[in-house]
Amino acid sequence: MRLFTLLSALLLAEAAFAQAPAARYSIKGYLTNLKGRTVYLLTQFQSASAPFGSKADSCFSADGHFSFRGVLGEANYYTVAFKDDGSAQSKSFLLDSNPITVIGHADSLYQLSIVGSPALRDQLLWDKMLETPLKRQNELMRLILKSAQKGDTANTRIYRQEYESLLQEITAIKADFIESHPGSLVSLFELNSLIPDIPNEKARHLWNHLDFSLQQHSVGIGIHNRIFFNPERKPEPRQYIPDLILADKQDKPVSLLTYKGNVVLIDFWASWCDHCRQEHNRLKSLYKQYKDKGLQIISISVDEDTDAWKKALQKAGLPWTQLTDRVGSRNMVGTQYGNGSLPINLLIDKEGYVIRKGLQGSELEKHLAVVFNQ
(Lines give C-alpha, C1' and ligand atoms only; values in the text may rest on other atoms or scores of the structure.)
Protein backbone atom coordinates (compact mmCIF):
# COMPACT_ATOMS: atom_id res chain seq x y z
CA MET A 1 0.00 0.00 0.00
CA ARG A 2 2.91 2.35 0.72
CA LEU A 3 4.28 1.68 -2.77
CA PHE A 4 0.86 2.41 -4.22
CA THR A 5 0.55 5.81 -2.50
CA LEU A 6 4.14 6.74 -3.30
CA LEU A 7 3.69 5.95 -6.98
CA SER A 8 0.44 7.91 -7.00
CA ALA A 9 2.10 10.98 -5.53
CA LEU A 10 5.01 10.78 -7.98
CA LEU A 11 2.71 10.36 -10.95
CA LEU A 12 0.59 13.34 -9.88
CA ALA A 13 3.67 15.54 -9.59
CA GLU A 14 4.99 14.31 -12.95
CA ALA A 15 1.66 15.02 -14.65
CA ALA A 16 1.51 18.55 -13.27
CA PHE A 17 5.09 19.30 -14.31
CA ALA A 18 4.58 17.95 -17.82
CA GLN A 19 1.33 19.83 -18.36
CA ALA A 20 2.24 23.19 -16.82
CA PRO A 21 1.51 25.69 -19.60
CA ALA A 22 4.19 28.19 -20.56
CA ALA A 23 3.09 31.72 -19.67
CA ARG A 24 4.67 35.15 -19.48
CA TYR A 25 4.41 37.88 -16.90
CA SER A 26 4.39 41.62 -17.48
CA ILE A 27 4.81 44.22 -14.72
CA LYS A 28 4.91 48.00 -15.18
CA GLY A 29 5.19 50.50 -12.39
CA TYR A 30 5.90 53.99 -11.23
CA LEU A 31 7.10 54.88 -7.75
CA THR A 32 7.57 58.35 -6.37
CA ASN A 33 11.13 58.91 -5.15
CA LEU A 34 12.41 55.87 -7.04
CA LYS A 35 14.82 57.75 -9.33
CA GLY A 36 18.31 56.26 -9.37
CA ARG A 37 17.44 53.05 -7.53
CA THR A 38 17.25 49.37 -8.50
CA VAL A 39 14.02 47.42 -8.04
CA TYR A 40 14.15 43.65 -7.54
CA LEU A 41 11.52 41.06 -8.36
CA LEU A 42 11.98 38.08 -6.03
CA THR A 43 10.40 34.65 -6.07
CA GLN A 44 9.08 33.19 -2.84
CA PHE A 45 10.19 29.64 -3.65
CA GLN A 46 12.42 29.07 -0.64
CA SER A 47 15.30 26.61 -0.39
CA ALA A 48 18.36 26.06 1.79
CA SER A 49 20.50 28.11 -0.58
CA ALA A 50 17.87 30.82 -1.02
CA PRO A 51 15.95 31.19 2.25
CA PHE A 52 14.20 34.32 0.98
CA GLY A 53 13.51 32.92 -2.45
CA SER A 54 15.62 34.02 -5.40
CA LYS A 55 15.95 36.97 -7.72
CA ALA A 56 13.72 36.63 -10.76
CA ASP A 57 14.58 40.00 -12.28
CA SER A 58 15.89 43.48 -11.53
CA CYS A 59 15.43 46.91 -13.07
CA PHE A 60 17.32 50.18 -12.63
CA SER A 61 14.99 53.19 -12.71
CA ALA A 62 16.22 56.54 -13.97
CA ASP A 63 12.92 58.39 -13.69
CA GLY A 64 10.68 56.41 -11.32
CA HIS A 65 9.36 54.04 -13.97
CA PHE A 66 10.28 50.35 -14.06
CA SER A 67 9.12 47.20 -15.81
CA PHE A 68 9.62 43.44 -15.70
CA ARG A 69 8.90 40.84 -18.37
CA GLY A 70 9.66 37.16 -18.33
CA VAL A 71 8.51 33.56 -18.45
CA LEU A 72 6.22 32.38 -15.68
CA GLY A 73 6.04 28.63 -15.08
CA GLU A 74 2.88 28.93 -13.01
CA ALA A 75 1.17 31.55 -10.88
CA ASN A 76 2.72 32.15 -7.49
CA TYR A 77 3.61 34.80 -4.93
CA TYR A 78 6.41 37.20 -5.84
CA THR A 79 7.93 40.17 -4.04
CA VAL A 80 8.96 43.68 -5.05
CA ALA A 81 11.95 44.86 -3.01
CA PHE A 82 15.05 47.10 -3.07
CA LYS A 83 17.45 44.33 -2.02
CA ASP A 84 17.71 40.77 -3.26
CA ASP A 85 18.05 39.12 0.16
CA GLY A 86 14.63 39.84 1.63
CA SER A 87 16.06 42.16 4.29
CA ALA A 88 14.65 45.44 3.01
CA GLN A 89 11.08 46.66 2.98
CA SER A 90 9.06 44.79 0.40
CA LYS A 91 5.60 44.01 -0.98
CA SER A 92 4.39 40.51 -1.87
CA PHE A 93 1.65 39.79 -4.38
CA LEU A 94 0.19 37.06 -6.58
CA LEU A 95 1.65 37.05 -10.07
CA ASP A 96 0.06 35.27 -13.02
CA SER A 97 -0.07 35.89 -16.77
CA ASN A 98 -2.25 39.01 -16.43
CA PRO A 99 -0.41 42.35 -16.94
CA ILE A 100 0.27 43.98 -13.56
CA THR A 101 0.50 47.68 -12.68
CA VAL A 102 2.35 48.89 -9.57
CA ILE A 103 1.88 52.41 -8.19
CA GLY A 104 3.06 53.98 -4.95
CA HIS A 105 5.94 55.55 -3.06
CA ALA A 106 9.42 54.08 -2.96
CA ASP A 107 9.70 54.79 0.76
CA SER A 108 6.60 52.73 1.56
CA LEU A 109 6.66 49.54 -0.49
CA TYR A 110 4.30 47.78 1.89
CA GLN A 111 1.53 50.18 0.89
CA LEU A 112 1.96 49.79 -2.87
CA SER A 113 -1.14 49.55 -5.02
CA ILE A 114 -0.82 46.49 -7.27
CA VAL A 115 -3.68 45.84 -9.70
CA GLY A 116 -4.45 44.06 -12.93
CA SER A 117 -5.69 40.53 -12.25
CA PRO A 118 -8.66 38.73 -10.66
CA ALA A 119 -6.24 37.21 -8.15
CA LEU A 120 -5.18 40.64 -6.93
CA ARG A 121 -8.81 41.73 -6.60
CA ASP A 122 -9.54 38.59 -4.61
CA GLN A 123 -6.54 39.31 -2.39
CA LEU A 124 -7.95 42.75 -1.58
CA LEU A 125 -11.31 41.18 -0.74
CA TRP A 126 -9.60 38.57 1.46
CA ASP A 127 -7.63 41.25 3.31
CA LYS A 128 -10.77 43.35 3.81
CA MET A 129 -12.76 40.40 5.21
CA LEU A 130 -10.04 39.65 7.75
CA GLU A 131 -9.06 43.22 8.62
CA THR A 132 -11.34 43.62 11.65
CA PRO A 133 -10.93 40.14 13.22
CA LEU A 134 -7.14 40.23 12.76
CA LYS A 135 -6.98 43.67 14.35
CA ARG A 136 -8.96 42.33 17.32
CA GLN A 137 -6.69 39.29 17.47
CA ASN A 138 -3.61 41.49 17.85
CA GLU A 139 -5.38 43.57 20.48
CA LEU A 140 -6.34 40.46 22.47
CA MET A 141 -2.77 39.18 22.36
CA ARG A 142 -1.59 42.49 23.81
CA LEU A 143 -4.24 42.30 26.54
CA ILE A 144 -3.34 38.70 27.38
CA LEU A 145 0.34 39.55 27.78
CA LYS A 146 -0.43 42.66 29.80
CA SER A 147 -2.82 40.93 32.20
CA ALA A 148 -0.47 37.96 32.58
CA GLN A 149 2.39 40.26 33.50
CA LYS A 150 0.18 41.83 36.17
CA GLY A 151 -0.79 38.41 37.54
CA ASP A 152 -4.45 39.09 36.68
CA THR A 153 -5.50 35.47 36.12
CA ALA A 154 -9.22 36.25 35.84
CA ASN A 155 -8.87 38.67 32.94
CA THR A 156 -6.14 36.56 31.35
CA ARG A 157 -8.56 33.65 31.23
CA ILE A 158 -11.34 35.81 29.79
CA TYR A 159 -9.07 37.22 27.09
CA ARG A 160 -7.76 33.77 26.23
CA GLN A 161 -11.28 32.42 25.84
CA GLU A 162 -12.19 35.28 23.51
CA TYR A 163 -8.93 34.76 21.63
CA GLU A 164 -9.65 31.06 21.06
CA SER A 165 -13.18 31.86 19.95
CA LEU A 166 -11.86 34.49 17.55
CA LEU A 167 -9.40 32.00 16.07
CA GLN A 168 -12.31 29.69 15.24
CA GLU A 169 -14.19 32.62 13.69
CA ILE A 170 -11.19 33.55 11.54
CA THR A 171 -10.79 29.96 10.40
CA ALA A 172 -14.48 29.82 9.45
CA ILE A 173 -14.18 33.08 7.48
CA LYS A 174 -11.21 31.71 5.57
CA ALA A 175 -12.92 28.40 4.82
CA ASP A 176 -16.08 30.20 3.64
CA PHE A 177 -14.03 32.36 1.28
CA ILE A 178 -12.25 29.34 -0.19
CA GLU A 179 -15.52 27.49 -0.72
CA SER A 180 -17.22 30.51 -2.32
CA HIS A 181 -14.21 31.31 -4.56
CA PRO A 182 -13.18 27.87 -5.91
CA GLY A 183 -11.44 29.33 -8.96
CA SER A 184 -9.35 31.91 -7.11
CA LEU A 185 -5.59 31.60 -6.73
CA VAL A 186 -6.04 33.18 -3.30
CA SER A 187 -8.18 30.20 -2.28
CA LEU A 188 -5.47 27.78 -3.40
CA PHE A 189 -2.64 29.39 -1.44
CA GLU A 190 -4.73 30.18 1.62
CA LEU A 191 -6.00 26.60 1.79
CA ASN A 192 -2.38 25.50 1.83
CA SER A 193 -1.85 27.67 4.91
CA LEU A 194 -5.14 26.69 6.54
CA ILE A 195 -4.64 22.91 6.52
CA PRO A 196 -3.02 22.66 10.00
CA ASP A 197 -6.01 24.48 11.53
CA ILE A 198 -8.86 22.39 10.12
CA PRO A 199 -9.92 18.71 10.28
CA ASN A 200 -8.66 16.49 7.50
CA GLU A 201 -12.16 15.88 6.15
CA LYS A 202 -12.74 19.64 5.90
CA ALA A 203 -9.43 20.05 4.08
CA ARG A 204 -10.41 17.34 1.62
CA HIS A 205 -13.80 18.94 1.11
CA LEU A 206 -12.23 22.31 0.28
CA TRP A 207 -9.60 20.75 -2.01
CA ASN A 208 -12.28 18.80 -3.90
CA HIS A 209 -14.20 22.07 -4.28
CA LEU A 210 -11.28 23.86 -5.99
CA ASP A 211 -11.37 24.27 -9.74
CA PHE A 212 -9.58 21.48 -11.57
CA SER A 213 -6.88 23.84 -12.89
CA LEU A 214 -5.97 24.81 -9.32
CA GLN A 215 -5.86 21.18 -8.22
CA GLN A 216 -3.27 20.63 -10.99
CA HIS A 217 -1.10 23.54 -9.74
CA SER A 218 2.01 22.33 -7.89
CA VAL A 219 0.61 23.82 -4.68
CA GLY A 220 -2.70 22.02 -5.29
CA ILE A 221 -0.90 18.72 -5.78
CA GLY A 222 1.10 19.39 -2.63
CA ILE A 223 -2.12 19.99 -0.70
CA HIS A 224 -3.57 16.81 -2.13
CA ASN A 225 -0.59 14.73 -1.03
CA ARG A 226 -0.66 16.24 2.47
CA ILE A 227 -4.33 15.53 3.13
CA PHE A 228 -4.67 12.20 1.32
CA PHE A 229 -1.26 10.57 1.76
CA ASN A 230 0.40 12.20 4.79
CA PRO A 231 0.77 9.47 7.47
CA GLU A 232 1.12 12.08 10.22
CA ARG A 233 -2.45 13.29 9.72
CA LYS A 234 -4.97 11.22 11.65
CA PRO A 235 -6.27 8.38 9.45
CA GLU A 236 -10.00 8.23 8.82
CA PRO A 237 -12.20 5.13 8.67
CA ARG A 238 -12.20 3.48 5.26
CA GLN A 239 -15.35 4.12 3.29
CA TYR A 240 -17.15 1.10 1.86
CA ILE A 241 -18.92 1.06 -1.48
CA PRO A 242 -22.24 2.93 -1.05
CA ASP A 243 -25.04 0.50 -0.17
CA LEU A 244 -27.47 2.00 -2.67
CA ILE A 245 -30.25 0.62 -4.82
CA LEU A 246 -31.04 2.96 -7.70
CA ALA A 247 -33.10 2.78 -10.89
CA ASP A 248 -31.62 2.16 -14.34
CA LYS A 249 -32.94 3.45 -17.70
CA GLN A 250 -35.70 0.82 -17.68
CA ASP A 251 -36.65 1.83 -14.14
CA LYS A 252 -35.33 -1.48 -12.76
CA PRO A 253 -33.57 -1.50 -9.34
CA VAL A 254 -29.81 -2.01 -9.34
CA SER A 255 -27.69 -2.55 -6.21
CA LEU A 256 -24.17 -1.13 -6.27
CA LEU A 257 -23.01 -3.98 -4.03
CA THR A 258 -23.41 -6.39 -6.96
CA TYR A 259 -20.32 -4.80 -8.53
CA LYS A 260 -18.04 -5.84 -5.68
CA GLY A 261 -15.07 -7.79 -7.03
CA ASN A 262 -14.35 -5.23 -9.73
CA VAL A 263 -12.54 -1.92 -9.72
CA VAL A 264 -15.50 0.47 -9.93
CA LEU A 265 -15.62 4.13 -10.83
CA ILE A 266 -18.86 5.71 -9.65
CA ASP A 267 -19.44 8.85 -11.69
CA PHE A 268 -21.94 11.46 -10.45
CA TRP A 269 -23.11 13.83 -13.18
CA ALA A 270 -26.05 15.78 -14.61
CA SER A 271 -27.34 16.58 -18.08
CA TRP A 272 -26.79 20.31 -17.53
CA CYS A 273 -23.13 19.91 -16.48
CA ASP A 274 -20.77 20.85 -19.36
CA HIS A 275 -17.68 19.69 -17.46
CA CYS A 276 -19.35 16.31 -16.94
CA ARG A 277 -19.71 15.81 -20.67
CA GLN A 278 -16.06 16.67 -21.18
CA GLU A 279 -15.08 14.09 -18.57
CA HIS A 280 -17.30 11.48 -20.24
CA ASN A 281 -15.23 11.75 -23.42
CA ARG A 282 -12.17 10.89 -21.37
CA LEU A 283 -14.01 8.09 -19.53
CA LYS A 284 -14.93 6.42 -22.82
CA SER A 285 -11.25 6.06 -23.66
CA LEU A 286 -10.37 4.79 -20.18
CA TYR A 287 -13.25 2.32 -20.19
CA LYS A 288 -12.11 0.89 -23.52
CA GLN A 289 -8.58 0.61 -22.17
CA TYR A 290 -9.38 -1.08 -18.85
CA LYS A 291 -12.75 -2.84 -19.15
CA ASP A 292 -11.12 -6.19 -19.97
CA LYS A 293 -8.93 -5.80 -16.87
CA GLY A 294 -11.93 -5.44 -14.57
CA LEU A 295 -12.91 -1.77 -14.66
CA GLN A 296 -16.61 -1.06 -14.26
CA ILE A 297 -18.06 2.43 -14.55
CA ILE A 298 -21.41 3.37 -13.04
CA SER A 299 -22.77 6.79 -13.94
CA ILE A 300 -25.34 8.15 -11.50
CA SER A 301 -27.34 11.11 -12.71
CA VAL A 302 -28.56 13.66 -10.17
CA ASP A 303 -31.04 15.14 -12.65
CA GLU A 304 -34.43 15.82 -11.16
CA ASP A 305 -35.85 15.81 -14.70
CA THR A 306 -35.86 12.17 -15.89
CA ASP A 307 -36.63 13.14 -19.48
CA ALA A 308 -33.62 15.49 -19.59
CA TRP A 309 -31.43 12.67 -18.25
CA LYS A 310 -32.59 10.13 -20.86
CA LYS A 311 -32.26 12.67 -23.67
CA ALA A 312 -28.68 13.43 -22.57
CA LEU A 313 -27.90 9.70 -22.45
CA GLN A 314 -29.01 9.22 -26.06
CA LYS A 315 -26.67 11.99 -27.14
CA ALA A 316 -23.73 10.89 -24.94
CA GLY A 317 -23.68 7.22 -25.95
CA LEU A 318 -22.08 5.99 -22.73
CA PRO A 319 -21.37 2.22 -22.91
CA TRP A 320 -21.62 1.44 -19.20
CA THR A 321 -24.26 1.22 -16.48
CA GLN A 322 -26.53 4.27 -16.15
CA LEU A 323 -28.49 4.92 -12.95
CA THR A 324 -30.47 7.84 -11.62
CA ASP A 325 -30.67 9.30 -8.14
CA ARG A 326 -33.83 11.29 -8.99
CA VAL A 327 -33.50 13.57 -6.01
CA GLY A 328 -30.99 16.08 -7.31
CA SER A 329 -27.49 17.07 -6.23
CA ARG A 330 -28.67 18.38 -2.86
CA ASN A 331 -28.93 14.76 -1.65
CA MET A 332 -26.51 12.19 -3.08
CA VAL A 333 -23.63 14.41 -4.13
CA GLY A 334 -24.33 17.43 -1.97
CA THR A 335 -24.53 15.75 1.41
CA GLN A 336 -22.93 12.32 1.19
CA TYR A 337 -20.15 11.88 -1.34
CA GLY A 338 -19.37 15.29 -2.78
CA ASN A 339 -19.52 19.01 -2.11
CA GLY A 340 -22.27 20.15 -4.44
CA SER A 341 -20.00 20.60 -7.47
CA LEU A 342 -20.02 18.28 -10.49
CA PRO A 343 -18.57 16.07 -11.74
CA ILE A 344 -17.52 14.08 -8.69
CA ASN A 345 -16.59 10.42 -8.53
CA LEU A 346 -15.56 7.55 -6.27
CA LEU A 347 -12.94 4.98 -7.22
CA ILE A 348 -13.69 1.64 -5.52
CA ASP A 349 -11.23 -1.26 -5.17
CA LYS A 350 -12.10 -4.93 -5.66
CA GLU A 351 -12.81 -5.37 -1.96
CA GLY A 352 -15.44 -2.67 -2.09
CA TYR A 353 -13.52 0.12 -0.37
CA VAL A 354 -13.18 3.70 -1.63
CA ILE A 355 -9.65 4.31 -2.93
CA ARG A 356 -10.05 7.94 -3.85
CA LYS A 357 -12.68 10.61 -4.41
CA GLY A 358 -12.72 13.40 -6.96
CA LEU A 359 -10.23 12.04 -9.51
CA GLN A 360 -10.51 13.86 -12.84
CA GLY A 361 -8.59 14.42 -16.03
CA SER A 362 -4.99 13.27 -16.21
CA GLU A 363 -5.03 12.53 -12.47
CA LEU A 364 -7.62 9.81 -13.05
CA GLU A 365 -5.63 8.43 -15.98
CA LYS A 366 -2.44 8.17 -13.92
CA HIS A 367 -4.26 6.66 -10.95
CA LEU A 368 -5.91 3.94 -13.02
CA ALA A 369 -2.54 3.13 -14.57
CA VAL A 370 -1.19 2.53 -11.08
CA VAL A 371 -4.23 0.49 -9.97
CA PHE A 372 -4.10 -1.89 -12.90
CA ASN A 373 -0.33 -2.32 -12.98
CA GLN A 374 0.60 -2.48 -9.28
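Computed over heavy atoms, backbone and side chain alike; hydrogens, waters and symmetry mates excluded.
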Minimum heavy-atom distance between [X] and [Y], given as atom pair plus value:
X      : Y      : result
Ser147 : Tyr159 : OG-CD1, 3.8 Å
Lys35  : Ala62  : CG-O, 3.0 Å
Ile195 : Ala203 : CG1-CB, 4.5 Å
Thr38  : Phe82  : O-CD2, 3.4 Å
Pro182 : Leu214 : O-CD1, 3.3 Å
Cys59  : Phe66  : SG-CB, 3.7 Å

Test your reading of the model: is there a side-chain donor-acceptor pair from [X] to the backbone of [Y], 3.5 Å cut-off?
X      : Y      : answer
Arg204 : Ile227 : yes
Ser285 : Arg282 : no
Lys350 : Gly261 : no
His209 : Glu179 : yes
Asn262 : Val264 : no
Ser187 : His181 : yes
Thr258 : Ser255 : yes
Ser108 : His105 : no
Ser165 : Gln161 : no

Nearest-0.5 Å distance, [atom1] of residue [X] to [atom2] of residue [Y]:
X      : Y      : atom1 : atom2 : value
Tyr25  : Leu72  : OH    : CG    : 8.0 Å
Leu109 : Gln111 : CG    : CD    : 10.0 Å
Gln296 : Ile266 : CD    : CD1   : 11.5 Å
His280 : Leu313 : NE2   : CG    : 8.5 Å
Leu130 : Phe177 : CG    : CZ    : 9.0 Å
Leu34  : Arg37  : CG    : CZ    : 7.0 Å

Any side-chain heavy-atom pair from [X] and [Y] closer than 4.5 angstrom?
X      : Y      : answer
Trp269 : Ser301 : yes
Leu166 : Pro133 : yes
Phe68  : Val39  : yes
Ile198 : Leu206 : yes
Ser58  : Tyr40  : yes
Arg226 : Asn192 : yes
Val254 : Leu246 : no
Thr43  : Asn76  : no

Quick check, are the ring centers of Phe189 and His217 under 6.0 angstrom apart? yes

Are Tyr78 and Phe93 near enough that their ring centres are under 6.0 Å apart? no

Begin from the C-alpha positions of Ile103 and Ile114 and carry the test side-chain contact (heavy atoms from CB on, under 4.5 Å) through to its verdict. CA-CA 7 Å; Ile103 301 174; Ile114 305 179; over 6 Å; no

State whether Asp267 and Lys284 are salt-bridged, where the test is any N-O pair (Lys NZ or Arg NE/NH1/NH2 against Asp/Glu carboxylate O) under 4.0 Å. no

Between [X] and [Y], do the side chains contain an N or O donor and an N or O acceptor separated by less than 3.5 Å?
X      : Y      : answer
Ser92  : Thr79  : yes
Trp320 : Ser299 : yes
Ser117 : Asn98  : no
Gln123 : Asp127 : yes
Ser218 : Glu74  : yes

Verify the cluster assignment for [X] and [Y]: are they in a single hydrophobic cluster under the rule of side-chain heavy atoms below 4.5 Å apart?
X      : Y      : result
Leu364 : Tyr290 : yes
Leu167 : Ile158 : no
Ile170 : Met141 : yes
Leu257 : Ile300 : yes
Ile173 : Tyr163 : yes

Over 12 non-hydrogen atoms of neighbours within 6.0 angstrom of NZ in Lys91: yes

Crowding at OH, Tyr110 (>12 non-hydrogen neighbours, <6.0 Å): no

On the 0 to 90° scale, with breaks at 30° and 60°, tag the His224-Trp207 ring pair as parallel, tilted or perpendicular. tilted

Member of Asn345, Ile298, Leu286 meeting the side chain to side chain contact (heavy atoms under 4.5 Å, CB included) criterion with Leu265: Asn345

From the list Thr321, Ile348, Leu323, side chain to side chain contact (heavy atoms under 4.5 Å, CB included) partner of Leu256 resolves to Leu323

Residue pairs meeting salt bridge (Lys or Arg N to Asp or Glu O under 4.0 Å), one or both in residues 139-160, sequence neighbours left out, come to Arg136-Glu139

Test Leu95 against Tyr77 for side-chain contact (heavy atoms from CB on, under 4.5 Å), laying out the working first. CA-CA 6 Å; Leu95 179 63; Tyr77 275 97; over 6 Å; no

side-chain contact (heavy atoms from CB on, under 4.5 Å) for Gln137 and Leu134? Distances and angles first, verdict last. CA-CA 5 Å; Gln137 182 184 28; Leu134 290 180; 3.3 Å; yes

Please walk me through it: do Leu210 and Asn208 pass side-chain contact (heavy atoms from CB on, under 4.5 Å)? CA-CA 6 Å; Leu210 291 175; Asn208 281 325; over 6 Å; no

Verdict with supporting geometry, Asp122 and Ser184, side chain to side chain donor-acceptor pair (under 3.5 Å): CA-CA 7 Å; Asp122 289 344; Ser184 173; 2.8 Å; yes

